[in-house]
Undergrad: 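Got a structure for you, written out below as C-alpha cells; questions coming shortly.
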There are 2 protein chains.
Amino acid sequence: MDNKQSDCEAINFELIEKIRPKMPEQTLLYELSDFFKVMGDGTRIRLLWALEESEMCVGDLAVLLNMTKSAVSHQLKVLRLAKLVRSQKKGKNVYYSLDDYHVKTILEKALEHVCE
Amino acid sequence: MDNKQSDCEAINFELIEKIRPKMPEQTLLYELSDFFKVMGDGTRIRLLWALEESEMCVGDLAVLLNMTKSAVSHQLKVLRLAKLVRSQKKGKNVYYSLDDYHVKTILEKALEHVCE
DNA sequence: TTGACAGTTGAACAGTTATTCAATTATAAT
DNA sequence: ATTATAATTGAATAACTGTTCAACTGTCAA
C-alpha cells in the first residue's frame, strides 16, 4: 500500500531524505505554531502591547481597548494559559502583567518584518 | 450616547490616558497579528522549516511533509502572499525558497520560549 | 443581609480556515 | 497532436475561533 496522503512523486528523493532528519520533532513544531496562534489575534496583541506599558486590571483594559470586560477576560485567559501573562488578585480587582521576557523581542522582530 | 463596547468603568483613568497615545496604530497592530496568524499553523511552520534547509519544489515538499500537492500549494500561496516565501519556475517544476531574513530569528526566539 | 461592582464562565452564533476533491493550466516528451 | 506530469485553483465541507449574552462567583460597603 502506498502513501495515501502524498499524491505525487518527489523529484529529489536524496535531498528529502537528507532534510527529513533535520526537521524538529512534530510535537515541537506544533507547540511552536500554537504559540504563534496565540499571538495571531488583534485583541491579544493589543493586550500584550498595553501590558508592556503597565500592569492593569480587566476593567482598565476593557476601557483602553474599547471592549467588553467579558471579551477581554476570555482573551486574557488564552494568554494566561499560554503563559504570556500572569494575574494577581488585589481586593475586588484582578491585575494582569506580562509573564515572559521573550515576548518583547519577538514582537519587536515581527514589527521589523511588518514595517520593512 | 455612551460607549456600547465597554460595559464598565475604569479604575485608573489617568493611567489609561497616559498609555493610550503610546499604543501603536491599530492598523499596524493588525498587520502584526496577521503576520503571526500566518505563522500560527503547523503545516506552514513545517514548510518554513523545511525551506530553511533548501529550496524545493511542491512535489518534494508534499512527500517530505506527507501531504497532497494541493494542500501544500494552498499553504504556499498563503506564505507567498505574506512575502515569507518566493517561487521560481524551472521547467515543469516550481521551486520555493525563503524570502525573509527575519523569519529565522523569529522562529528561533519563539523556539526558546516554547522550549524554556 | 443586602446591594453593587469586578471578573469569570459556558453556550450560542457568526465568521474564518485548512483540507479534500475535481477541474484546469502549463510544460515536457513521445 | 497526444499523453503525462507539475502545480494551481475554486467550491464544498468540517473544524475552529472570537464575541456576545446571560448567569454566576467572590469581594467590598452600607
Side-chain angles (χ1 to χ4, degrees), chain A residues 3-13 16 29-30 33-48 55-82 85-97, chain B residues 3-13 16 29-30 33-34 36-47 55-82 85-97:
Chain A
N3 192 335
K4 291 172 71 179
Q5 303 251 34
S6 169
D7 58 347
C8 64
E9 299 297 317
I11 304 302
N12 195 338
F13 261 111
I16 291 177
L29 287 178
Y30 285 121
S33 61
D34 281 345
F35 167 74
F36 285 120
K37 221 171 278 181
V38 174
M39 308 281 278
D41 175 76
T43 296
R44 291 193 289 267
I45 287 285
R46 292 194 298 152
L47 284 168
L48 290 174
E55 70 166 22
M56 272 179 280
C57 66
V58 179
D60 289 345
L61 288 165
V63 170
L64 178 61
L65 302 190
N66 197 37
M67 297 176 63
T68 63
K69 269 188 295 190
S70 177
V72 168
S73 181
H74 275 297
Q75 296 309 329
L76 284 171
K77 186 178 188 178
V78 175
L79 291 171
R80 204 170 0 112
L81 291 175
V85 305
R86 128 193 52 148
S87 66
Q88 188 189 359
K89 193 148 194 171
K90 290 182 186 171
K92 265 197 292 187
N93 300 307
V94 179
Y95 283 85
Y96 281 84
S97 54
Chain B
N3 193 334
K4 290 172 72 179
Q5 303 251 33
S6 168
D7 59 347
C8 65
E9 300 296 316
I11 303 300
N12 194 339
F13 260 111
I16 292 177
L29 288 177
Y30 284 121
S33 60
D34 282 344
F36 285 121
K37 218 170 281 178
V38 173
M39 309 281 279
D41 176 77
T43 296
R44 289 193 290 266
I45 287 285
R46 291 195 299 152
L47 284 168
E55 70 166 21
M56 271 178 281
C57 65
V58 179
D60 288 346
L61 289 164
V63 171
L64 178 61
L65 303 190
N66 198 35
M67 298 175 63
T68 63
K69 266 189 297 188
S70 177
V72 168
S73 181
H74 276 296
Q75 296 308 329
L76 284 171
K77 187 179 187 176
V78 175
L79 292 171
R80 213 177 41 220
L81 290 175
V85 305
R86 126 191 54 144
S87 65
Q88 189 189 359
K89 192 147 196 173
K90 290 182 186 171
K92 266 198 290 186
N93 301 306
V94 178
Y95 282 85
Y96 281 84
S97 54

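Protein chains get the first letters and strands the later ones, always in sequence-line order, with residue 1 at the start of each.
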Undergrad: Verify the contact: side-chain N or O of B:Y96 to OP1 or OP2 of D:dA6, cut-off strictly under 4.0 Å; return yes or no.
TA: no
Undergrad: Over all strands shown, is B:Y95 touching base, sugar-phosphate only, or nothing at heavy-atom distances under 4.0 angstrom?
TA: nothing
Undergrad: Could you state the NZ-C1' distance from A:K89 to D:dC28, rounded to the nearest angstrom?
TA: 11 Å
Undergrad: Can you measure B:M56 atom CE to D:dA7 atom P for me and round it to whole angstrom units?
TA: 12 Å
Undergrad: What integer distance in Å separates A:D41:CG from D:dC16:P?
TA: 17 Å
Undergrad: Are the side chains of A:L64 and A:R46 in contact, using a 4.5 Å heavy-atom criterion?
TA: no
Undergrad: Rounded to whole angstroms, how far apart are CZ on B:R46 and P on C:dA18?
TA: 14 Å
Undergrad: Mind checking the CG-OH spacing from B:L61 to B:Y95? Nearest 0.5 Å is all I need.
TA: 10.5 Å
Undergrad: Do the non-hydrogen side-chain atoms of B:K90 and B:E55 ever get within less than 4.5 Å of each other?
TA: yes
Undergrad: Go through D:dG26, D:dG18, D:dT8 for me and flag the one nearest to the A:K92 side chain.
TA: D:dG26
Undergrad: Return the value, rounded to whole Å, for the distance between atom NZ of A:K90 and atom P of D:dC28.
TA: 14 Å
Undergrad: Quick check: on DNA chain D, is the nucleotide nearest A:V78 upstream (toward 5') of the one nearest B:K77, or the reverse? Name the residue that is more 5'.
TA: B:K77
Undergrad: Measure OH/A:Y30 against C1'/C:dA18 and give the value in whole Å, please.
TA: 11 Å
Undergrad: Between B:Q75 and B:I11, which residue's closest nucleotide on DNA chain C lies nearer the 5′ terminus?
TA: B:I11
Undergrad: So which nucleotide from C:dT19, D:dA7, D:dT27 ends up closest to the side chain of B:T43?
TA: C:dT19
Undergrad: Does B:S70 make a side-chain donor-acceptor contact with the base of C:dC21, cut-off 3.5 Å?
TA: yes
Undergrad: Could you give the CE-to-P distance, from B:M67 to D:dA7, as a whole number of Å?
TA: 14 Å
Undergrad: First locate atom CG of A:L47, then atom CG of A:D41, and finally report the distance between them rounded to the nearest 0.5 Å.
TA: 8.5 Å
Undergrad: Taking atom NZ of A:K69 and atom SG of A:C57, what is their separation to the nearest 0.5 Å?
TA: 9.0 Å
Undergrad: Kindly say whether, by distance alone, the side chain of B:H74 makes a donor-acceptor pair under 3.5 Å with the base of C:dT17?
TA: no
Undergrad: For the side chain of A:C57, starting at C-beta, report the closest nucleotide among C:dT8, C:dG7, C:dA18.
TA: C:dG7
Undergrad: Taking only the side-chain heavy atoms of A:K69 (C-beta and beyond), determine which of D:dT8, C:dA6, D:dA7 contains the nearest atom.
TA: C:dA6
Undergrad: Please report, rounded to the nearest Å, how far the C1' atom of C:dC5 is from the CG atom of A:D60.
TA: 14 Å
Undergrad: Please round to the nearest 0.5 Å and tell me the distance separating atom CD1 of B:I11 and atom CE of A:M56.
TA: 12.5 Å
Undergrad: Which nucleotide sits closest to the side chain of A:K37: D:dT20, C:dT27, D:dT17?
TA: D:dT17
Undergrad: Can you tell me if the side-chain N/O atoms of A:S73 get under 4.0 Å from OP1 or OP2 in C:dG7?
TA: no
Undergrad: For C:dG7, does OP1 or OP2 lie under 4.0 Å from any side-chain N or O of A:N93?
TA: yes
